[in-house]
Amino acid sequence: MAKRLPLIAGNWKMNNNHLEAIALVQKLAFGLNDKDYDNAEVVVLPPFTDLRSVQTLVDGDRLKIGYGAQDVSAHDKGAYTGEISGSMLAKLDCSYVLAGHSERREYHNEDDALVNAKVKAAYRHGIVPILCVGEGLEVRKAGRQVEHVLAQLDGALKEVTAEQAERIVVAYEPVWAIGTGEVATPEDAQEVCSAIRVRLAELYSPEVAGAVRVLYGGSVKGDNAPGIMAKEDVDGALVGGACLKADEFVKVIRFGGE
Ligand SMILES: O=C[C@H](O)COP(=O)(O)O
């Protein structure tokens, strides 16, 4: 099967107000050319408060940059103070939403059941989930990373149909590599991304497994992206710190060279 179109997604986390968001997306767009967009799908994931500004800029300037959110409520509407529903994100033309990012699993006690509910909520509103899975350092040291990640995958995909799963994006983000500069080796990334793809074939079919894009995330930078992206079962990157600097993010997007 031809390799899937790579997806390079920048997770801004809690950075950039709506004015800084406009400046960063404009600088990113200025740094990219048509060949870049042919070689990879480019997506930014700003804080909620920036989404309307990003939508206006992308629409107004007809930018080829996609965008999405970093979280979504498991509920569609109602008395859920502080939450943002999938229908609200869909109205802002969000294409993607993160589900199960390790920082939400850790700081907001999000378990597999809640991640599964958020994945289903995203699908209800026509938004593609970027499902984040990954092990901590202790699990890695015990050599149980594949087992841990597959348990997260299974938990997040309960009641998700094959038609839905075919569109999902899975991001393998070893927690010990996030924000640490300790990037996984290409071999580490391939081992787990390949296991994710095998599991998807078992849960659904080889066709579904072949369609799903599996990303790597965790200290991805312009200099380490090419080695990781060269791996057969790695279809892109979920980038944190490096996406906050337009020129560095462009280097990641150009992982395959000019
Ligand atoms: O969502 C992005 C990941 O948490 C990776 O962040 P990082 O590139 O700063 O390590």
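Checked by atom type, the side-chain pair Thr185/Asp188 shows a donor-acceptor distance below 3.5 Å. Checking Ser205 against Glu207 by side-chain atom types alone, a donor-acceptor pair falls below 3.5 Å.
Annotation: ring-ring contact (aromatic ring centres under 6.0 Å, His included) contacts involving residues 174-220, sequence neighbours excluded, are absent. The ring-ring contact (aromatic ring centres under 6.0 Å, His included) contacts involving residues 69-96 comprise His75-Tyr80, where partners must be two or more places apart or lie in separate chains.
Between the NZ atom of Lys27 and the CG atom of Leu32 there is a distance of 12.5 Å, given to the nearest 0.5 Å.
Using a cut-off of 4.0 Å between Lys/Arg side-chain N and Asp/Glu carboxylate O, Asp111 and Arg105 are scored as not salt-bridged. We find that Arg213 and Glu41 are joined by a salt bridge, their nearest charged nitrogen and carboxylate oxygen being less than 4.0 Å apart. Ion pairing between a basic and an acidic side chain is recognised when a charged N comes within 4.0 Å of a carboxylate O; Lys251 and Asp223 show no such pairing. Here Glu103 pairs with Lys13 in a salt bridge; the nearest charged N to carboxylate O distance falls below 4.0 Å. Between Lys158 and Asp112 no salt bridge is recorded (no basic side-chain N to carboxylate O distance below 4.0 Å).
Between Lys77 and Ser85 the shortest side-chain heavy-atom distance does not fall below 4.5 Å. Between Asp59 and Asp93, some side-chain heavy-atom pair lies under the 4.5 Å cut-off.
Around CD of Glu159, the count of heavy atoms belonging to other residues, nucleotides or ligands within 6.0 Å does not exceed 12. For His125, the NE2 atom counts as densely surrounded, since its 6.0 Å shell holds more than 12 non-hydrogen atoms of other residues, nucleotides or ligands.
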